[in-house]
There are 2 protein chains.
Amino acid sequence: MTVTILVVEDELAIQELIALNLKKAGHIVLCASDAEQARKMVNNILPDLVLLDWMLPDMSGLEFAKKLRREERTKTIPIIMLTARVQESDKIAGLDAGADDYVTKPFSPRELLARIKAVLRRRLPEMSDEIIEIGGLKLDPVTHRVHVIATDDPSKATEITLGPTEFRLLHFLMAHKERVHTRAQLLDRVWGDHVFIEDRTVDVHIRRLRKILEKVEKENLVQTVRGTGYRFSIEQTEEAVE
Amino acid sequence: MTVTILVVEDELAIQELIALNLKKAGHIVLCASDAEQARKMVNNILPDLVLLDWMLPDMSGLEFAKKLRREERTKTIPIIMLTARVQESDKIAGLDAGADDYVTKPFSPRELLARIKAVLRRRLPEMSDEIIEIGGLKLDPVTHRVHVIATDDPSKATEITLGPTEFRLLHFLMAHKERVHTRAQLLDRVWGDHVFIEDRTVDVHIRRLRKILEKVEKENLVQTVRGTGYRFSIEQTEEAVE
DNA sequence: CCTGATTGTCATAAATTTGTAACGCATTCT
DNA sequence: AGAATGCGTTACAAATTTATGACAATCAGG
């Protein structure tokens, strides 16, 4: 998964150290030494995650975090705070402006990477570009294709075509298989946060997705959980046959 | 787990930050700035947990906690106190009023969420979405499935299908096993607050639940306690076996 | 500016769920 | 025993929840 990370840190030595490690881990790294620089950077390229030093020359990290949270475009970006020492007084009201995690200096690169991974997994599991293959369906986020694997001959694969929304919906469901998702949750995570769309619209898209899956007899992977929502699952809920 | 939390805190900045964090954690948040507002709110929507500032403009948090404890409808709601001081004497007074836990300012969102989770697990086990497995029945709130574990081969599991209400009912009973629940209690906690439904309706749902459990010979897990209500128990109240 | 694909909403149909009422059996009380 | 109470069962109609097809608005390219 190629993730773009913005590092906001005024001490150049530390900044570079972090950047080096992140690059080594395969991330794209953007660096800024103060909030103003960071702001410009964000305007230019939207990062997937922000590593934010608690103390910055021009504005406290806290302020900057709040700022990010306020703007529509940046409000959902995960933020990890880099705080010097474990001084409780630093954690001020202790309440951050919505940071997703803290890392206290000094920290090991290993720890930092682990935290980053954890936050990303929590916030954007379906953003990882890994191919997902479940129940005879193979979805490749990179090529943006979905294939049906023939059960008898795994080497054969038929492609199926999905619209943009259906693709994202299927991607999300597959990335979070075996879990029930309410319509509200799906709207939040597939359509985007704070969208003002009817719950029922989800039904329609599920319908569209199923219609396409019907053609390859995979429609029962998308299951209805009455009173709750929908679920992607291999396990078939067989009705009690009398 | 969708939990409704009422935040009673007069400092708006802190109130908002708490609300933000709670929402991010997937909770539904209600806010009040003083006891009077909080009272009205509680009358309207019964929260699952109350975060209560120690000092409020119109009434001490302590007073408000006691008030909640006095009323039938609210007496079981878990309360977490937000206190600026750590004085032992206060702690005792608070425990007296029935607070379930304390968080002293300043605190980190992580800590607050952890405390909330702990309190909920203790007081409202059916809200936590952990898998519950008792007497050969395994209920998973996340996937929303119920399985019967074969006694001879624990790896085999047959799924059973429940309607929404039966699922909630079984979930509640399993989360509070070995306890008798009156019909009124079940209506309050499974159907929800403020519902005006006949007591006898519970019987019917118990019946429906049992009917499904009969198919897998688990119906005696749901037991009748004559004159009181129902109970989920492994222990068999064996009648004169014929 | 046209063309076809995509999307959000509705209206309607279909499927399930749910609360009550009614009846009968069992247990307890008088 | 006879009455009273509590519970189990069944049947049903009302209410709720989903599925589905149609439609208009919007969008992306030509």
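By convention in this document, chain letters (A, B, ...) are assigned in the order of the sequence lines, proteins followed by strands, and residues within each chain are numbered from 1. Just so it is clear, the values below take in all heavy atoms, side chains as well, and ignore hydrogens, waters and symmetry mates.
A:Ile212 places its CD1 atom 11 Å from the C1' atom of C:dT6, with the value rounded to the nearest Å. Taking atom CD on B:Glu219 and atom P on D:dG8, their separation rounds to 13 Å, with Å as the unit. Atom pair B:Arg168:CZ and D:dT17:P shows a separation of 10 Å (rounding to whole Å applied). The interatomic distance linking B:His144 (NE2) with D:dT17 (P) rounds to 13 Å, in whole Å. Atoms CD (B:Gln223) and P (D:dG8) sit 12 Å apart, rounded to a whole Å. At whole-Å resolution of the value, CG in B:Asp199 and C1' in D:dG8 are 16 Å apart. Rounded to an integer number of Å, the gap from CD of A:Glu214 to P of D:dA19 is 12 Å. Across the protein-nucleic acid pair, A:Ile197 atom CD1 and D:dT26 atom C1' stand 13 Å apart, rounded to whole Å.
Side-chain nitrogen and oxygen atoms of A:Arg207 include none within less than 4.0 Å of the OP1 or OP2 phosphate oxygen of D:dT18. Side-chain N/O atoms of B:Trp191 include one lying less than 4.0 angstrom from OP1 or OP2 on C:dG19.
Under 4.0 Å is where a charged nitrogen must lie from a carboxylate oxygen, and between B:Asp188 and B:Arg73 no such pair does.
Checked by atom type, the side-chain pair B:Arg145/A:Ser233 shows a donor-acceptor distance below 3.5 Å. Side-chain contact, B:Thr224 with B:Arg210: a donor N or O sits under 3.5 Å from an acceptor N or O. In this structure, a donor-acceptor pair under 3.5 Å is present between the side chains of B:Ser128 and B:Glu130.
At a threshold of 4.0 angstrom between heavy atoms, the contacts of A:Thr224 are confined to the sugar-phosphate backbone, with no base atom among them. Counting any heavy atom pair closer than 4.0 Å across all strands shown, A:Thr228 reaches sugar-phosphate atoms only and no base atom. Within the nucleic acid shown, B:Thr165 comes within 4.0 Å of sugar-phosphate atoms alone, with no base atom in reach, counting heavy atoms only. Within the 4.0 angstrom heavy-atom criterion, only backbone atoms of the sugar-phosphate kind lie near A:Tyr230; the bases stay farther away. The residue B:Arg210 sits close only to the backbone: its heavy atoms come under 4.0 Å of sugar-phosphate atoms, none of a base.
For B:Val204, the listed nucleotide lying nearest its side chain is D:dA11; candidates were D:dA11, C:dC10, C:dT6.
Counting distance only, with no hydrogens placed and no angle test, the side-chain atoms of A:Arg208 and the base atoms of D:dG21 include no donor-acceptor pair under 3.5 Å. One N or O donor and one acceptor, one from the side chain of A:Arg226 and one from the base of D:dT17, sit under 3.5 Å apart. With hydrogens and angles ignored, a donor-acceptor pair closer than 3.5 Å exists between the side chain of B:Arg200 and the base of D:dG8.
Side-chain contact check for B:Thr182 versus B:Asp199: every heavy-atom pair is 4.5 Å or farther apart.
Where A:Asp203 and B:Lys211 each meet DNA chain D at their nearest nucleotide, the meeting point lying more 5' is that of B:Lys211.
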